[in-house]
Amino acid sequence: MQLNAEQLKAFDEQGYVFFPNCFSEEEILLMRAEADNILKLDRQEVWHEKTGAPRTAFAAHTFSEVFGLLARHPRLVEPLRQLFGEDVYVHQFKLNAKAAFEGDVWQWHQDYGTWARDDGMPQARAMNIAVFLDEVLPINGALMVIPKSHKHGTLAAGHDKSTTSYPLWTLDNETVTRLAAEAAEPGGVGIVAPTGKPGSVLMFHGNLVHASPPNITPYPRKIVYLTLCAVSNHITKFTRAEWIAHRDFTPIVPVDDGALLDYARAHRQAAE
Ligand SMILES: O=C(O)CCC(=O)C(=O)O
């Protein structure tokens with residue numbers, strides 16, 4: 001999959017591109033069942049909210065065959081190779097649960113702010129690709145982004161270690177207010193929450209300011225965030241665990257486009 005001229009323009013101007021229905025129902029059923037099993041595991045990569053509900057499973061692509069295929073999927077890898085003009089590696093893999101009733105806030109932040117400060121990533125030549133495993137609704141803790149905020153480079157941030165179970169370099173209210181006002185200038189929208197069916201995909205710039213509110217609905221909202229980095233831009237500081245900020249900079253070799261379907265069908269046959 002390659003980005004067309006219109007998508008490249010939208011990415012440059014707005015800082016994100018949204019692809020509804022990027023993965024089929026059959027592919028999503030496979031990944032959602034796998035995600036539900038992983039979030040129940042008792043292992044160091046699975047973090048919990050202060051209430052005990054699962055928040056994030058890191059590095060699932062290293063211990064789950066299904067997510068190993070997703071991390072090498074051409075629909076995610078090819079657009080980033082196109083954007084960066086070189087091979088990419090997996091910097092981070094997160095399965096964010098945002099559980100029904102208990103999923104907690106993600107404060108306003110830029111991902112590259114963390115990758116630069118904590119991991120010594122030289123430039124914002126890495127990005128998150130969000131794959132919706134559940135329907136993302138305006139009400140169940142949707143991810144919110146501030147269009148065009150990626151144009152501001154890396155903004156001053158404070159290291160918040162107490163609000164949630166996950167330490168994050170967060171932006172202050174004044175900065176968020178200013179960026180949202182700028183984005184709302186004639187013809188624009190201050191804050192956007194891309195919503196959509198399971199299988200939708202959102203790619204966003206490493207400096208795009210984003211956040212999400214708690215999920216107080218009965219509807220879970222699972223999203224996988226695959227962070228791919230240009231190989232020549234690999235991290236230089238190793239302050240975080242290897243399973244949070246990976247140190248294997250081997251270029252990804254994409255799998256076949258039908259790899260998830262082949263896996264689902266082979267395992268269904270074996271079970272019959
Ligand atoms: O899952 C979410 O709602 C937000 C996740 C996020 O902002 C991040 O992983 O950087």
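It should be emphasised that the depicted structure is a prediction, and the values quoted were computed from it without experimental measurement. Position 1 is the first residue of the sequence, and the numbers go up from there.
Within a 6.0 Å radius of CD in Q44, more than 12 heavy atoms belonging to other residues, nucleotides or ligands are found. Open room surrounds NZ on K9; 12 or fewer heavy atoms of other groups in view lie less than 6.0 Å from it. Other residues, nucleotides and ligands place more than 12 heavy atoms under 6.0 Å from the CD1 atom of I139. Applying the 6.0 Å contact sphere to OH of Y219 captures no more than 12 heavy atoms from other residues, nucleotides or ligands. No more than 12 heavy atoms of other residues, nucleotides or ligands lie within 6.0 Å of CD in E25, so this atom counts as exposed by the packing criterion.
For K197 and E135, the salt-bridge test passes: some basic side-chain N is under 4.0 Å from an acidic carboxylate O. Checked for salt-bridge contact, E27 and R75 meet the test: a charged N lies under 4.0 Å from a carboxylate O. The pair E78-R81 meets the salt-bridge criterion, with a side-chain N (NZ, NE, NH1 or NH2) lying under 4.0 Å from an Asp/Glu carboxylate O. Taking the charged nitrogens against the carboxylate oxygens, R265 and E26 do have a contact shorter than 4.0 Å, which makes a salt bridge. Salt-bridge check for R125 with E86: passed, with a basic side-chain N closer than 4.0 Å to an acidic carboxylate O. We find that D256 and R72 are not joined by a salt bridge, their nearest charged nitrogen and carboxylate oxygen being 4.0 Å or further apart.
Grouping the Ile, Leu, Val, Met, Phe, Trp and Tyr side chains by contacts below 4.5 angstrom, directly or via other members, places F11 with L228. Hydrophobic clustering of Ile, Leu, Val, Met, Phe, Trp and Tyr side chains at less than 4.5 Å, counting indirect connections, unites L30 with I38. V90 is connected to L80 through a chain of hydrophobic side-chain contacts under 4.5 Å among Ile, Leu, Val, Met, Phe, Trp and Tyr, so both are in one cluster. Connection of L208 to M144 is not established within any shared hydrophobic cluster, with ILVMFWY side chains joined at heavy-atom distances below 4.5 Å, either directly or through further cluster members. Connection of I191 to V136 is not established within any shared hydrophobic cluster, with ILVMFWY side chains joined at heavy-atom distances below 4.5 Å, either directly or through further cluster members.
Distance alone, capped at 3.5 Å, is enough to place a donor-acceptor pair between the S149 side chain and the V209 backbone. Side chain of T177 to main chain of N173: a donor-acceptor pair is present (N/O by atom type, distance under 3.5 Å, no hydrogens or angles). Between the side chain of H246 and the backbone N or O of D248, no donor-acceptor pair lies under 3.5 Å. Formation of a donor-acceptor pair under 3.5 Å by the Q2 side chain with backbone atoms of P79 is not found in this model. E45 contributes no side-chain N or O that, together with a main-chain N or O of F58, makes up a donor-acceptor pair within less than 3.5 Å. For the pair N140 (side chain) and L137 (backbone), a donor-acceptor distance under 3.5 Å is present. No donor-acceptor distance shorter than 3.5 angstrom exists from the side chain of D172 to the backbone of V176, with no hydrogens or angles considered. Judged by distance alone, with hydrogens and angles left aside, the side-chain atoms of H73 form a donor-acceptor pair with the main-chain N or O of D257 at under 3.5 Å. Judged purely by atom type and a 3.5 angstrom limit, D87 has no side-chain atom pairing as donor or acceptor with the backbone of V231. The main-chain N or O of A99 is never found under 3.5 Å from a side-chain atom of E102 such that the two would form a donor-acceptor pair.
Minimum heavy-atom separation, L260 to F23: CD1-CE2, 4.0 Å. Considering every non-hydrogen atom in both P213 and A142, the closest pair reads CD-O, 3.3 Å. A pairwise comparison of heavy atoms in L155 and R178 identifies CD2-NH2, 4.5 Å as the closest pair. Here the closest non-hydrogen pair linking V192 and P147 is CG2-CG, 3.6 Å. In this structure, P194 and L202 approach most closely via the heavy-atom pair CG-CD1, 3.9 Å. Listed here is the closest heavy atom pair of P167 and W47: CD-CZ3, 3.9 Å.
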Practice task
Test D12 against K151 for salt bridge (Lys or Arg N to Asp or Glu O under 4.0 Å), laying out the working first.
Solution key: CA-CA 9 Å; D12 179 50; K151 299 275 186 194; 3.4 Å; yes

Practice task
Could you check F19 against S200 for side chain to side chain contact (heavy atoms under 4.5 Å, CB included), going step by step and ending with a plain yes or no?
Solution key: CA-CA 6 Å; F19 306 91; S200 301; over 6 Å; no

Handout entry: Derivation and outcome, side chain to side chain donor-acceptor pair (under 3.5 Å), residues T56 and N96
Key = CA-CA 4 Å; T56 295; N96 283 359; 2.9 Å; yes

Handout entry: Worked check of side chain to side chain contact (heavy atoms under 4.5 Å, CB included) between F63 and L41
Key = CA-CA 11 Å; F63 57 84; L41 295 177; 4.0 Å; yes

Problem - salt bridge (Lys or Arg N to Asp or Glu O under 4.0 Å) between R55 and E49, worked out - result: CA-CA 5 Å; R55 178 175 177 89; E49 308 286 11; 3.0 Å; yes

Practice task
Tell me, with the steps shown, if E13 and K148 meet side chain to side chain contact (heavy atoms under 4.5 Å, CB included).
Solution key: CA-CA 6 Å; E13 289 174 359; K148 305 180 192 162; 5.9 Å; no

Exercise for the section: Decide side chain to side chain contact (heavy atoms under 4.5 Å, CB included) for H91 and I235; before the verdict, give the C-alpha distance in whole Å, the side-chain angles of both, and the deciding distance to 0.1 Å. Expected result: CA-CA 8 Å; H91 171 60; I235 63 170; 3.5 Å; yes

Determine all donor-acceptor pairs shorter than 3.5 Å in which one atom belongs to a side chain in residues 127-134; sequence neighbours excluded.
| residue | atom | partner | partner atom | Å |
| --- | --- | --- | --- | --- |
| N128 | OD1 | T227 | OG1 | 2.5 |
| N128 | ND2 | D111 | OD2 | 2.5 |
| D134 | OD1 | R32 | NE | 3.2 |
| D134 | OD1 | K222 | NZ | 3.4 |
| D134 | OD2 | K222 | N | 2.7 |
| D134 | OD2 | K222 | NZ | 3.0 |

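In this structure, L8 and L83 have side chains that are in contact, with non-hydrogen atoms separated by less than 4.5 Å. In this structure, the side chains of Y16 and M203 stay at 4.5 Å or more apart for every pair of heavy atoms. Counting only heavy atoms from C-beta outward, the side chains of R117 and T154 approach each other to under 4.5 Å. When side chains are defined from C-beta on, M31 does not count as touching V224, because their heavy atoms never get closer than 4.5 Å. Looking only at side-chain heavy atoms (C-beta outward), V77 and V88 come within less than 4.5 Å of each other.
For the 3.5 Å distance criterion, the side chains of Q107 and D160 qualify, holding a donor opposite an acceptor. Using a 3.5 Å distance cut-off with no hydrogens or angles, the side chains of H152 and E182 do pair a donor with an acceptor.
Looking at F204, Y112, W108 one by one, the single match for ring pair (Phe, Tyr, Trp, His ring centres under 6.0 Å) with H210 turns out to be F204. Remark: of the listed residues R240, K237, Q92, R240 is the sole one forming a side chain to side chain donor-acceptor pair (under 3.5 Å) with D119.
Checked against the 6.0 Å centroid criterion, the rings of H109 and W169 do not qualify as a close aromatic pair. Ring centroid separation for the pair F67 and H61 does not come in under the 6.0 Å cut-off.
Atom SG in C229 sits 4.0 Å away from atom OH in Y89 (nearest 0.5 Å). Here CD of E34 is found 13.0 Å from CG of L29. Values are rounded to the nearest 0.5 Å. Interatomic distance, CG of D118 versus CD1 of I244, reported as 9.5 Å (0.5 Å rounding).
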